[in-house]
Student: 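Below are the structure tokens for one structure; questions will follow.
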Amino acid sequence: MKIQNIHAHFDDFEFTAGGLFTIARERLGSAFTGQVIVCTDGRAGHQFRTREETGRVRLAEQQESARIGKYDFKPLRLPDGSLPREACLQVTVPLCAAIWKTVRDFQPDYVICPPVVSDPLSGIHVDHVAVADAVRKISYMINVPHAFTPEYPADETVAILTKTPVVLNAFDEYNKRTNTFDLAVDCEDAFNLVCEMSWAHRSQITEWLPWVASPVPWPVPKDIAEWKRMRRAAYSERNAALGIASDHLYEYFSVTCWGAEPDVDALLKDLPGIDLKRSRIDALRKRLDRSPKV
Ligand SMILES: [Zn+2]
């Protein structure tokens with residue numbers, strides 16, 4: 001089982017899908033392969049480091065997280081070899097081409113990306129919505145072999161059939177009160193490791209996030225024990241906002257029809273940790289029901 005997480009920034013993965021990857025790796029063993037794609041250069045979000053230094057530090061932090069979490073990490077490169085710029089990501093032909101190529105190369109069963117935002121109440125992060133939009137826009141193109149051969153030249157008389165994945169949307173903090181979910185995945189067994197992965201992003205959690213959160217207090221965690229206490233409180237708050245009374249590490253996913261047609265029973269079999277009581281399986285089945293509506 002192969003899952004590819006495509007997100008905007010260094011650290012997004014740890015806060016949205018790191019638990020699912022961890023329990024999948026622990027429960028499925030060598031039957032699971034996970035890949036994390038980060039679609040921006042990480043140079044924008046810091047208050048005292050230069051752009052160049054910030055990008056370099058963030059890359060090293062993600063590599064450290066990947067070492068701890070034992071997942072494959074790749075920064076997305078545009079067809080000209082450059083990294084897309086953070087804080088102003090737009091859905092362009094080069095971005096679509098690069099995402100198309102990375103999905104076709106990895107051939108995942110599932111892609112996880114941020115959600116497309118439609119509610120006017122939603123907050124957004126420009127880079128998150130660009131990734132969401134781009135994934136949605138290339139999803140049909142995944143099995144269109146020559147969609148981006150101008151960017152990635154290939155023999156256009158030869159077509160390789162490529163598996164189209166099911167696309168899931170992860171919870172997005174920036175959407176604030178408009179988040180929703182189909183699947184609640186209990187990742188409590190992965191709590192310690194996920195905290196260790198996110199702790200690798202020290203230039204964010206001890207420098208940038210406390211500064212940018214102002215005037216909302218974000219205390220600077222002095223060590224990983226304090227960071228774990230903060231994460232426990234944050235998970236509790238996220239669960240409560242979604243109507244779940246628990247302090248467990250839950251991760252939340254919505255099912256889309258952007259790529260392959262989702263099959264609920266296959267999803268329940270493939271993805272470990274789905275809490276059947278807390279997921280909205282009946283509503284999901286109704287949403288995916290293709291019988292004629294009277
Ligand atoms: Zn982000």
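Hydrogens, waters and symmetry mates play no part in the numbers below; they use all other heavy atoms, side chains included. In listed order, ligands and their atoms are each counted from 1.
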Student: Examine Arg232 relative to Phe191 and say whether NZ or CZ is less than 6.0 Å from the centre of the six-membered ring and inside a 45° cone about the ring axis.
Tutor: yes

Student: Do any of the N/O/S atoms of Asp12, backbone or side chain, fall under 2.8 Å from the Zn ion (ligand 1)?
Tutor: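 A backbone or side-chain N, O or S atom of Asp12 is under 2.8 Å from the Zn ion (ligand 1).
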
Student: Any N/O/S atom, side chain or main chain, of His125 closer to the Zn ion (ligand 1) than 2.8 Å?
Tutor: no

Student: How close do Val131 and Pro114 get, counting heavy atoms only, and between which atoms?
Tutor: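 Distance-wise, the nearest heavy atoms are CG1-CD, 3.8 Å.
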
Student: Restricting to N, O or S atoms of His9, which is nearest to the Zn ion (ligand 1)?
Tutor: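 The atom in question is ND1.
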
Student: Indicate if the distance from the Zn ion (ligand 1) to the nearest N, O or S atom of His128 falls below 2.8 Å.
Tutor: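 For His128, the answer is yes, given that an N, O or S atom comes within less than 2.8 Å of the Zn ion (ligand 1).
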
Student: Should the ring pair His9 and His125 be called parallel, tilted or perpendicular, given that the plane angle runs from 0 to 90° and is split at 30 and 60?
Tutor: perpendicular

Student: Can you tell me how the ring of Tyr250 sits relative to the ring of Tyr252, calling it parallel under 30°, perpendicular over 60° and tilted otherwise?
Tutor: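 Because their plane-to-plane angle is under 30°, the rings of Tyr250 and Tyr252 count as parallel.
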
